Amino acid sequence: MKRMIFILIFILVLNTMIPKSAFAMNLVGESAILVDVTTGEILFEKNMDKPMYPASVTKIMTVILALEKGNLDDIVTVSKNAATQDGTRIYLVEGEKVRLKELVYGALLNSGNDAAVAIAEHIGGSVEGFVDMMNEKAKELGMKNTHFANPSGLPNPNHVTSAYDMSLLAMYALKNPVFREIASSKTYDAKWIGNNVHAFIQNHNRLLWDYPYATGMKTGYTVAARSTIVASANKDGRELIAVVLKSDPRAFYKDAEQLLDYGYQKTRLVPILKMNERFTTLNGYEISYIPKENPYIVVVDGKLPELKMKEHFKTKKKIGFFDQTIVKKGEVIGQLAIYNGEKLIRTVDLVATKDIKNSYPISKSSIYFMFAVFAFSMMGFILVLKRKREKQTIKGFGWLEQ
(Lines give C-alpha, C1' and ligand atoms only; values in the text may rest on other atoms or scores of the structure.)
Protein backbone atom coordinates (compact mmCIF):
# COMPACT_ATOMS: atom_id res chain seq x y z
CA MET A 1 0.00 0.00 0.00
CA LYS A 2 2.82 2.40 0.96
CA ARG A 3 4.56 1.58 -2.28
CA MET A 4 1.40 2.35 -4.29
CA ILE A 5 0.99 5.73 -2.50
CA PHE A 6 4.64 6.57 -3.21
CA ILE A 7 4.17 5.78 -6.93
CA LEU A 8 1.02 7.96 -7.11
CA ILE A 9 2.79 10.87 -5.40
CA PHE A 10 5.78 10.47 -7.72
CA ILE A 11 3.50 10.55 -10.80
CA LEU A 12 1.72 13.69 -9.52
CA VAL A 13 5.01 15.48 -8.83
CA LEU A 14 6.42 14.42 -12.19
CA ASN A 15 3.25 15.69 -13.88
CA THR A 16 3.75 19.14 -12.42
CA MET A 17 7.42 19.21 -13.46
CA ILE A 18 6.91 18.21 -17.10
CA PRO A 19 6.38 21.26 -19.32
CA LYS A 20 3.17 21.39 -21.31
CA SER A 21 4.78 20.78 -24.66
CA ALA A 22 1.71 19.10 -26.14
CA PHE A 23 -0.68 22.05 -25.94
CA ALA A 24 -4.21 20.76 -26.52
CA MET A 25 -6.44 23.36 -28.22
CA ASN A 26 -10.13 22.60 -27.77
CA LEU A 27 -12.10 25.61 -28.98
CA VAL A 28 -15.87 25.76 -28.88
CA GLY A 29 -15.99 28.85 -31.08
CA GLU A 30 -16.73 28.23 -34.73
CA SER A 31 -14.16 30.77 -35.91
CA ALA A 32 -11.00 32.04 -34.19
CA ILE A 33 -7.59 33.60 -34.68
CA LEU A 34 -4.51 34.44 -32.60
CA VAL A 35 -2.17 37.17 -33.84
CA ASP A 36 1.17 38.52 -32.65
CA VAL A 37 0.82 42.32 -32.64
CA THR A 38 4.53 43.06 -33.19
CA THR A 39 4.90 41.01 -36.36
CA GLY A 40 1.29 40.60 -37.45
CA GLU A 41 1.92 36.86 -37.76
CA ILE A 42 -0.99 34.46 -37.38
CA LEU A 43 -0.13 32.00 -34.60
CA PHE A 44 -3.35 29.99 -34.78
CA GLU A 45 -6.52 30.11 -36.84
CA LYS A 46 -9.79 28.29 -37.22
CA ASN A 47 -12.07 29.29 -40.12
CA MET A 48 -10.52 32.76 -39.86
CA ASP A 49 -11.99 34.05 -43.16
CA LYS A 50 -15.49 32.65 -42.69
CA PRO A 51 -18.14 35.43 -42.67
CA MET A 52 -19.78 35.53 -39.24
CA TYR A 53 -22.07 37.79 -37.23
CA PRO A 54 -19.92 39.97 -34.94
CA ALA A 55 -22.53 41.15 -32.40
CA SER A 56 -21.17 43.93 -30.14
CA VAL A 57 -17.50 43.59 -31.06
CA THR A 58 -18.75 45.88 -33.84
CA LYS A 59 -18.42 48.71 -31.32
CA ILE A 60 -14.62 48.60 -31.64
CA MET A 61 -15.10 50.23 -35.05
CA THR A 62 -17.73 52.62 -33.70
CA VAL A 63 -15.44 53.83 -30.93
CA ILE A 64 -12.28 54.16 -33.03
CA LEU A 65 -14.17 56.33 -35.54
CA ALA A 66 -15.55 58.44 -32.69
CA LEU A 67 -12.01 59.02 -31.43
CA GLU A 68 -10.67 59.85 -34.89
CA LYS A 69 -13.52 62.01 -36.17
CA GLY A 70 -14.85 63.61 -33.00
CA ASN A 71 -13.76 65.40 -29.85
CA LEU A 72 -14.35 63.71 -26.51
CA ASP A 73 -15.60 67.04 -25.10
CA ASP A 74 -18.26 67.35 -27.81
CA ILE A 75 -21.79 67.70 -26.39
CA VAL A 76 -24.23 65.26 -27.98
CA THR A 77 -28.02 65.69 -27.81
CA VAL A 78 -29.65 62.27 -27.52
CA SER A 79 -32.25 61.57 -30.20
CA LYS A 80 -35.42 59.52 -29.84
CA ASN A 81 -33.88 56.91 -32.15
CA ALA A 82 -30.84 56.52 -29.90
CA ALA A 83 -32.85 56.47 -26.68
CA THR A 84 -35.20 53.72 -27.87
CA GLN A 85 -32.63 51.18 -29.08
CA ASP A 86 -33.15 47.51 -28.25
CA GLY A 87 -30.75 45.35 -26.26
CA THR A 88 -28.06 46.49 -23.85
CA ARG A 89 -28.30 50.18 -22.98
CA ILE A 90 -26.85 52.85 -20.70
CA TYR A 91 -30.39 54.27 -20.44
CA LEU A 92 -30.04 57.52 -22.31
CA VAL A 93 -33.10 59.78 -22.37
CA GLU A 94 -34.33 61.65 -25.41
CA GLY A 95 -33.22 65.27 -25.39
CA GLU A 96 -30.56 64.99 -22.70
CA LYS A 97 -27.06 66.26 -23.41
CA VAL A 98 -24.11 63.94 -22.97
CA ARG A 99 -20.40 64.33 -23.63
CA LEU A 100 -19.00 62.17 -26.41
CA LYS A 101 -16.55 60.78 -23.83
CA GLU A 102 -19.41 59.30 -21.79
CA LEU A 103 -20.91 57.75 -24.91
CA VAL A 104 -17.58 56.17 -25.91
CA TYR A 105 -17.11 54.61 -22.48
CA GLY A 106 -20.76 53.53 -22.44
CA ALA A 107 -20.43 51.84 -25.83
CA LEU A 108 -17.10 50.06 -25.28
CA LEU A 109 -17.37 49.11 -21.60
CA ASN A 110 -21.11 48.66 -21.05
CA SER A 111 -21.95 47.81 -24.69
CA GLY A 112 -24.73 50.39 -24.81
CA ASN A 113 -26.58 50.23 -28.11
CA ASP A 114 -28.14 53.62 -27.35
CA ALA A 115 -24.65 55.08 -26.86
CA ALA A 116 -23.45 53.56 -30.17
CA VAL A 117 -26.36 55.10 -32.11
CA ALA A 118 -25.88 58.48 -30.42
CA ILE A 119 -22.21 58.38 -31.47
CA ALA A 120 -23.17 57.44 -35.03
CA GLU A 121 -25.69 60.26 -35.39
CA HIS A 122 -23.24 62.80 -33.98
CA ILE A 123 -20.20 61.75 -36.04
CA GLY A 124 -21.90 60.69 -39.28
CA GLY A 125 -24.88 63.05 -39.28
CA SER A 126 -27.09 59.98 -39.40
CA VAL A 127 -26.80 56.26 -38.73
CA GLU A 128 -26.63 55.65 -42.48
CA GLY A 129 -23.88 58.20 -42.94
CA PHE A 130 -21.88 56.69 -40.10
CA VAL A 131 -22.29 53.16 -41.47
CA ASP A 132 -20.79 54.38 -44.74
CA MET A 133 -17.81 55.65 -42.74
CA MET A 134 -17.52 52.26 -41.01
CA ASN A 135 -17.43 50.39 -44.29
CA GLU A 136 -14.97 52.85 -45.81
CA LYS A 137 -12.65 52.35 -42.83
CA ALA A 138 -13.03 48.57 -43.09
CA LYS A 139 -12.00 48.76 -46.73
CA GLU A 140 -9.02 50.95 -45.83
CA LEU A 141 -7.85 48.38 -43.25
CA GLY A 142 -8.16 45.46 -45.69
CA MET A 143 -11.20 43.88 -44.00
CA LYS A 144 -12.32 41.95 -47.08
CA ASN A 145 -15.03 39.81 -45.47
CA THR A 146 -16.68 42.62 -43.52
CA HIS A 147 -19.80 44.66 -44.14
CA PHE A 148 -21.37 46.79 -41.42
CA ALA A 149 -25.09 47.62 -41.36
CA ASN A 150 -25.29 49.40 -38.00
CA PRO A 151 -22.99 50.85 -35.30
CA SER A 152 -24.07 48.51 -32.49
CA GLY A 153 -23.92 44.95 -33.84
CA LEU A 154 -27.64 44.23 -33.51
CA PRO A 155 -28.76 41.37 -35.81
CA ASN A 156 -28.83 42.11 -39.53
CA PRO A 157 -28.19 39.55 -42.30
CA ASN A 158 -25.90 42.06 -44.04
CA HIS A 159 -23.86 42.79 -40.89
CA VAL A 160 -20.93 40.36 -41.07
CA THR A 161 -17.21 40.10 -40.44
CA SER A 162 -14.52 37.44 -39.97
CA ALA A 163 -12.04 36.57 -37.23
CA TYR A 164 -9.15 37.71 -39.42
CA ASP A 165 -10.82 41.01 -40.24
CA MET A 166 -11.51 41.70 -36.55
CA SER A 167 -7.85 41.05 -35.75
CA LEU A 168 -6.89 43.71 -38.31
CA LEU A 169 -9.29 46.17 -36.69
CA ALA A 170 -8.01 45.31 -33.20
CA MET A 171 -4.37 45.84 -34.18
CA TYR A 172 -5.30 49.18 -35.71
CA ALA A 173 -7.25 50.21 -32.59
CA LEU A 174 -4.27 49.44 -30.35
CA LYS A 175 -2.29 52.14 -32.16
CA ASN A 176 -4.59 54.72 -30.57
CA PRO A 177 -3.48 55.45 -26.97
CA VAL A 178 -6.91 56.81 -25.97
CA PHE A 179 -8.58 53.64 -27.20
CA ARG A 180 -6.09 51.59 -25.19
CA GLU A 181 -6.90 53.55 -22.05
CA ILE A 182 -10.67 53.16 -22.50
CA ALA A 183 -10.55 49.46 -23.42
CA SER A 184 -8.41 48.63 -20.37
CA SER A 185 -10.70 50.44 -17.90
CA LYS A 186 -12.59 48.13 -15.58
CA THR A 187 -15.02 50.85 -14.50
CA TYR A 188 -15.92 54.43 -15.34
CA ASP A 189 -17.92 57.00 -13.39
CA ALA A 190 -19.89 58.90 -16.03
CA LYS A 191 -21.79 62.15 -15.50
CA TRP A 192 -24.48 63.46 -17.82
CA ILE A 193 -24.35 67.15 -18.81
CA GLY A 194 -27.07 69.42 -17.36
CA ASN A 195 -27.85 67.32 -14.30
CA ASN A 196 -26.11 65.63 -11.41
CA VAL A 197 -26.88 62.07 -12.50
CA HIS A 198 -23.90 59.71 -12.28
CA ALA A 199 -23.76 56.40 -14.08
CA PHE A 200 -21.33 53.82 -12.78
CA ILE A 201 -20.24 51.91 -15.88
CA GLN A 202 -18.57 48.52 -15.52
CA ASN A 203 -16.67 46.74 -18.26
CA HIS A 204 -18.42 43.58 -19.49
CA ASN A 205 -15.06 41.99 -20.39
CA ARG A 206 -14.41 39.58 -17.49
CA LEU A 207 -10.92 38.77 -18.76
CA LEU A 208 -9.77 42.06 -17.21
CA TRP A 209 -10.46 40.48 -13.81
CA ASP A 210 -9.77 36.82 -14.55
CA TYR A 211 -6.82 36.75 -16.97
CA PRO A 212 -3.59 38.27 -15.58
CA TYR A 213 -2.29 39.65 -18.90
CA ALA A 214 -5.57 40.97 -20.33
CA THR A 215 -5.54 44.59 -21.52
CA GLY A 216 -9.07 44.93 -22.89
CA MET A 217 -11.13 45.04 -26.13
CA LYS A 218 -14.77 43.87 -26.43
CA THR A 219 -17.32 41.09 -25.95
CA GLY A 220 -20.66 40.55 -27.66
CA TYR A 221 -23.74 38.37 -27.81
CA THR A 222 -26.86 37.93 -29.90
CA VAL A 223 -28.92 34.81 -30.52
CA ALA A 224 -27.67 34.62 -34.11
CA ALA A 225 -24.03 35.52 -33.41
CA ARG A 226 -23.81 33.66 -30.11
CA SER A 227 -20.91 34.79 -27.91
CA THR A 228 -18.08 36.75 -29.52
CA ILE A 229 -14.91 38.29 -28.12
CA VAL A 230 -11.90 40.28 -29.24
CA ALA A 231 -9.26 40.11 -26.50
CA SER A 232 -5.88 41.80 -26.21
CA ALA A 233 -3.14 40.81 -23.77
CA ASN A 234 0.37 41.90 -22.85
CA LYS A 235 2.89 39.69 -21.10
CA ASP A 236 6.40 41.06 -20.54
CA GLY A 237 5.92 43.56 -23.36
CA ARG A 238 4.65 41.03 -25.89
CA GLU A 239 1.16 41.77 -27.18
CA LEU A 240 -1.27 39.22 -28.59
CA ILE A 241 -4.80 39.50 -29.95
CA ALA A 242 -7.31 36.67 -29.80
CA VAL A 243 -10.64 36.70 -31.64
CA VAL A 244 -13.40 34.14 -31.13
CA LEU A 245 -16.72 34.18 -33.02
CA LYS A 246 -19.86 32.12 -32.49
CA SER A 247 -18.88 30.44 -29.26
CA ASP A 248 -20.99 29.29 -26.33
CA PRO A 249 -21.80 31.83 -23.57
CA ARG A 250 -20.20 29.44 -21.08
CA ALA A 251 -17.08 28.84 -23.19
CA PHE A 252 -16.02 32.00 -25.04
CA TYR A 253 -13.80 33.31 -22.23
CA LYS A 254 -12.10 29.94 -21.97
CA ASP A 255 -11.65 29.92 -25.75
CA ALA A 256 -9.88 33.28 -25.60
CA GLU A 257 -7.71 32.19 -22.66
CA GLN A 258 -6.69 29.01 -24.49
CA LEU A 259 -5.58 31.03 -27.49
CA LEU A 260 -3.61 33.52 -25.41
CA ASP A 261 -2.02 30.77 -23.30
CA TYR A 262 -0.99 28.97 -26.47
CA GLY A 263 0.69 32.14 -27.74
CA TYR A 264 2.62 32.78 -24.53
CA GLN A 265 3.51 29.17 -23.72
CA LYS A 266 4.27 27.77 -27.16
CA THR A 267 5.67 30.72 -29.09
CA ARG A 268 8.18 33.49 -28.51
CA LEU A 269 9.62 36.46 -30.36
CA VAL A 270 13.23 36.23 -31.53
CA PRO A 271 15.16 39.18 -33.05
CA ILE A 272 16.47 38.35 -36.51
CA LEU A 273 19.26 40.87 -37.00
CA LYS A 274 22.19 42.38 -35.21
CA MET A 275 22.33 46.14 -35.63
CA ASN A 276 26.01 46.19 -36.64
CA GLU A 277 27.19 48.77 -39.17
CA ARG A 278 27.79 47.48 -42.69
CA PHE A 279 29.19 48.99 -45.91
CA THR A 280 28.30 49.11 -49.59
CA THR A 281 29.29 51.16 -52.64
CA LEU A 282 26.93 53.60 -54.32
CA ASN A 283 27.98 55.90 -57.20
CA GLY A 284 31.60 55.11 -56.35
CA TYR A 285 31.22 56.17 -52.70
CA GLU A 286 31.55 53.82 -49.73
CA ILE A 287 28.41 54.15 -47.64
CA SER A 288 27.87 52.78 -44.14
CA TYR A 289 24.37 51.52 -43.31
CA ILE A 290 22.30 49.58 -40.78
CA PRO A 291 18.79 48.05 -40.80
CA LYS A 292 16.20 50.70 -39.90
CA GLU A 293 14.69 48.35 -37.35
CA ASN A 294 15.44 45.02 -35.77
CA PRO A 295 12.63 42.75 -36.98
CA TYR A 296 11.36 39.79 -35.00
CA ILE A 297 10.17 36.37 -36.01
CA VAL A 298 7.80 34.14 -34.10
CA VAL A 299 9.36 30.84 -33.04
CA VAL A 300 7.10 27.88 -32.22
CA ASP A 301 8.31 25.28 -29.72
CA GLY A 302 11.77 26.85 -29.79
CA LYS A 303 12.43 25.67 -33.34
CA LEU A 304 14.33 28.33 -35.23
CA PRO A 305 13.59 28.35 -38.98
CA GLU A 306 16.37 28.43 -41.54
CA LEU A 307 16.34 32.06 -42.64
CA LYS A 308 17.91 33.45 -45.80
CA MET A 309 18.58 37.14 -46.32
CA LYS A 310 19.15 39.13 -49.50
CA GLU A 311 20.19 42.77 -49.65
CA HIS A 312 18.94 44.92 -52.52
CA PHE A 313 20.48 48.38 -53.03
CA LYS A 314 19.68 51.30 -55.27
CA THR A 315 21.99 50.62 -58.20
CA LYS A 316 22.17 54.29 -59.13
CA LYS A 317 21.29 57.50 -57.36
CA LYS A 318 20.58 60.70 -59.26
CA ILE A 319 22.65 63.62 -58.01
CA GLY A 320 21.21 67.07 -58.54
CA PHE A 321 23.31 69.85 -60.07
CA PHE A 322 23.50 71.70 -56.76
CA ASP A 323 23.65 68.65 -54.43
CA GLN A 324 26.34 69.00 -51.80
CA THR A 325 25.45 65.62 -50.27
CA ILE A 326 25.31 62.28 -52.07
CA VAL A 327 23.52 60.45 -49.26
CA LYS A 328 21.97 61.87 -46.10
CA LYS A 329 22.04 60.18 -42.72
CA GLY A 330 18.87 58.10 -42.28
CA GLU A 331 18.17 57.97 -46.02
CA VAL A 332 16.87 54.63 -47.32
CA ILE A 333 19.49 53.19 -49.67
CA GLY A 334 18.05 49.70 -50.09
CA GLN A 335 16.10 46.86 -48.54
CA LEU A 336 16.82 43.60 -46.80
CA ALA A 337 14.54 40.72 -47.79
CA ILE A 338 14.18 37.93 -45.22
CA TYR A 339 13.03 34.48 -46.37
CA ASN A 340 11.92 31.36 -44.52
CA GLY A 341 12.86 28.81 -47.15
CA GLU A 342 11.44 30.29 -50.35
CA LYS A 343 8.75 32.31 -48.58
CA LEU A 344 9.35 36.04 -48.10
CA ILE A 345 8.41 36.83 -44.51
CA ARG A 346 9.74 40.37 -43.98
CA THR A 347 11.41 43.30 -45.66
CA VAL A 348 13.44 45.88 -43.75
CA ASP A 349 14.70 49.25 -44.99
CA LEU A 350 18.46 49.79 -44.95
CA VAL A 351 19.44 53.33 -43.99
CA ALA A 352 22.71 55.32 -44.19
CA THR A 353 24.39 55.96 -40.83
CA LYS A 354 26.00 59.26 -41.85
CA ASP A 355 26.10 61.92 -44.55
CA ILE A 356 28.29 61.30 -47.59
CA LYS A 357 29.54 64.56 -49.15
CA ASN A 358 30.01 65.19 -52.86
CA SER A 359 33.73 65.23 -53.75
CA TYR A 360 33.19 67.83 -56.49
CA PRO A 361 30.43 70.06 -55.20
CA ILE A 362 29.21 73.04 -57.20
CA SER A 363 27.45 75.42 -54.86
CA LYS A 364 24.73 77.86 -55.89
CA SER A 365 26.93 80.82 -54.90
CA SER A 366 29.66 79.54 -57.24
CA ILE A 367 27.17 79.30 -60.08
CA TYR A 368 25.89 82.82 -59.39
CA PHE A 369 29.47 84.17 -59.35
CA MET A 370 30.34 82.42 -62.59
CA PHE A 371 27.17 83.73 -64.20
CA ALA A 372 27.94 87.28 -63.04
CA VAL A 373 31.51 87.07 -64.44
CA PHE A 374 30.17 85.74 -67.71
CA ALA A 375 27.52 88.48 -67.87
CA PHE A 376 30.06 91.26 -67.23
CA SER A 377 32.45 89.73 -69.77
CA MET A 378 29.73 89.67 -72.39
CA MET A 379 28.77 93.26 -71.63
CA GLY A 380 32.44 94.34 -71.95
CA PHE A 381 32.81 92.45 -75.21
CA ILE A 382 29.69 94.07 -76.64
CA LEU A 383 30.91 97.59 -75.64
CA VAL A 384 34.33 97.04 -77.23
CA LEU A 385 32.70 95.71 -80.38
CA LYS A 386 30.33 98.68 -80.54
CA ARG A 387 33.15 101.23 -80.21
CA LYS A 388 35.18 99.50 -82.89
CA ARG A 389 32.26 99.68 -85.28
CA GLU A 390 31.74 103.38 -84.52
CA LYS A 391 35.40 104.17 -85.40
CA GLN A 392 35.12 102.25 -88.64
CA THR A 393 32.04 104.28 -89.57
CA ILE A 394 33.78 107.62 -88.96
CA LYS A 395 36.84 106.63 -91.02
CA GLY A 396 34.67 105.36 -93.82
CA PHE A 397 32.92 108.73 -94.22
CA GLY A 398 35.95 110.99 -93.54
CA TRP A 399 35.13 113.31 -96.62
CA LEU A 400 32.29 114.81 -94.63
CA GLU A 401 34.87 116.56 -92.44
CA GLN A 402 36.34 118.50 -95.37
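Atoms considered below: every heavy atom in the structure, side chains included; atoms not considered: hydrogens, waters and symmetry mates. No experiment lies behind these values; they were computed from the predicted model shown.
The salt bridge (Lys or Arg N to Asp or Glu O under 4.0 Å) check on Arg268 picks up nothing, with sequence neighbours excluded. Listed by chain and number, the residues in a side chain to side chain donor-acceptor pair (under 3.5 Å) with Asp349 are Gln335 (sequence neighbours excluded).
Between the side chain of Asn110 and the backbone N or O of Gly112, no donor-acceptor pair lies under 3.5 Å. Asp114 contributes a side-chain N or O that, together with a main-chain N or O of Ile90, makes up a donor-acceptor pair within less than 3.5 Å. With hydrogens and angles disregarded, no donor-acceptor distance shorter than 3.5 Å links the side chain of Thr347 to the backbone of Leu336. Distance alone, capped at 3.5 Å, places no donor-acceptor pair between the Ser185 side chain and the Tyr188 backbone. The main-chain N or O of Asp86 is found under 3.5 Å from a side-chain atom of Asn113 such that the two form a donor-acceptor pair. In this structure, Asn176 contributes its side chain and Phe179 its backbone to a donor-acceptor pair below 3.5 Å. Counting only distance, with no hydrogens or angles, the side chain of Asp165 and the backbone of Thr146 share a donor-acceptor pair below 3.5 Å. In this structure, the side chain of Glu96 engages the main chain of Val93 through a donor-acceptor pair within 3.5 Å. Glu331 places a side-chain N or O within 3.5 Å of a backbone atom of Lys328 that can act as its donor or acceptor partner. A donor-acceptor pair under 3.5 Å is absent between the side-chain atoms of His122 and the main chain of Val76, judged by distance alone.
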Verdict with supporting geometry, Glu121 and Ser79, side chain to side chain donor-acceptor pair (under 3.5 Å): CA-CA 8 Å; Glu121 291 176 338; Ser79 70; 2.5 Å; yes
Worked check of side-chain contact (heavy atoms from CB on, under 4.5 Å) between Asn145 and Val160: CA-CA 7 Å; Asn145 294 301; Val160 294; over 6 Å; no
Audit row: Ser184, Thr215, side chain to side chain donor-acceptor pair (under 3.5 Å) steps and yes/no: CA-CA 5 Å; Ser184 63; Thr215 57; over 6 Å; no
From CA spacing to verdict: side-chain contact (heavy atoms from CB on, under 4.5 Å), Met48, Ser162: CA-CA 6 Å; Met48 69 176 188; Ser162 67; over 6 Å; no
Derivation of the side-chain contact (heavy atoms from CB on, under 4.5 Å) call for Ile241 and Val37: CA-CA 7 Å; Ile241 288 172; Val37 175; 3.8 Å; yes
Leu245/Tyr53 under side-chain contact (heavy atoms from CB on, under 4.5 Å): CA gap, chis, key distance, verdict: CA-CA 8 Å; Leu245 301 177; Tyr53 296 131; over 6 Å; no
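The pair Asp74-Arg99 fails the salt-bridge criterion, with no side-chain N (NZ, NE, NH1 or NH2) lying under 4.0 Å from an Asp/Glu carboxylate O. Taking the charged nitrogens against the carboxylate oxygens, Lys97 and Glu102 have no contact shorter than 4.0 Å, which rules out a salt bridge. Salt bridge Lys137/Glu140: present, at least one basic N to carboxylate O contact under 4.0 Å.
For the atom pair CD (Glu239) and CG (Asp236), the distance works out to 12.5 Å, reported to the nearest 0.5 Å. How far OG1 of Thr267 is from CG of Leu43: 5.0 Å, rounded to the nearest 0.5 Å.
Looking at Lys46, Lys50, Arg226 one by one, the single match for salt bridge (Lys or Arg N to Asp or Glu O under 4.0 Å) with Glu30 turns out to be Lys50.
Ser227 is listed as a side-chain neighbour of Pro249, based on a closest heavy-atom distance under 4.5 Å. A 4.5 Å side-chain heavy-atom check between Ile287 and Ile333 finds at least one atom pair inside the cut-off. Annotation: side chain of Leu34 is in contact with side chain of Leu240 (closest heavy-atom distance under 4.5 Å). Residues Val298 and Arg238 are in side-chain contact: their nearest non-hydrogen atoms beyond the backbone lie under 4.5 Å apart. Between Ile60 and Thr62 the shortest side-chain heavy-atom distance does not fall below 4.5 Å. Two residues are said to be in side-chain contact when any heavy atoms from C-beta on lie closer than 4.5 Å; Asn205 and Leu109 fail this criterion. Residues Ile119 and Val104 form a side-chain contact, since some pair of their non-hydrogen atoms from C-beta on lies under 4.5 Å apart. Residues Thr219 and Thr228 fail the side-chain proximity criterion, which asks for heavy atoms closer than 4.5 Å.
In this structure, Phe148 has its ring center under 6.0 Å from that of His159. In summary, the aromatic rings of Tyr253 and Tyr211 are positioned with their centroids too far apart to meet the 6.0 Å limit.
Side-chain contact of Ser56 with Ser111: a donor-acceptor pair under 3.5 Å is present, judged by distance alone. Counting only N and O atoms by type, the side chains of Thr58 and Lys218 include no donor and acceptor under 3.5 Å apart. For the residue pair Glu311/Tyr289, the side-chain donor-acceptor check at 3.5 Å is satisfied.
Surrounding NZ of Lys69 are at most 12 heavy atoms belonging to other residues, nucleotides or ligands under 6.0 Å away. The neighbour count for Tyr221 OH, taken as heavy atoms of other residues, nucleotides or ligands under 6.0 Å away, is above 12.
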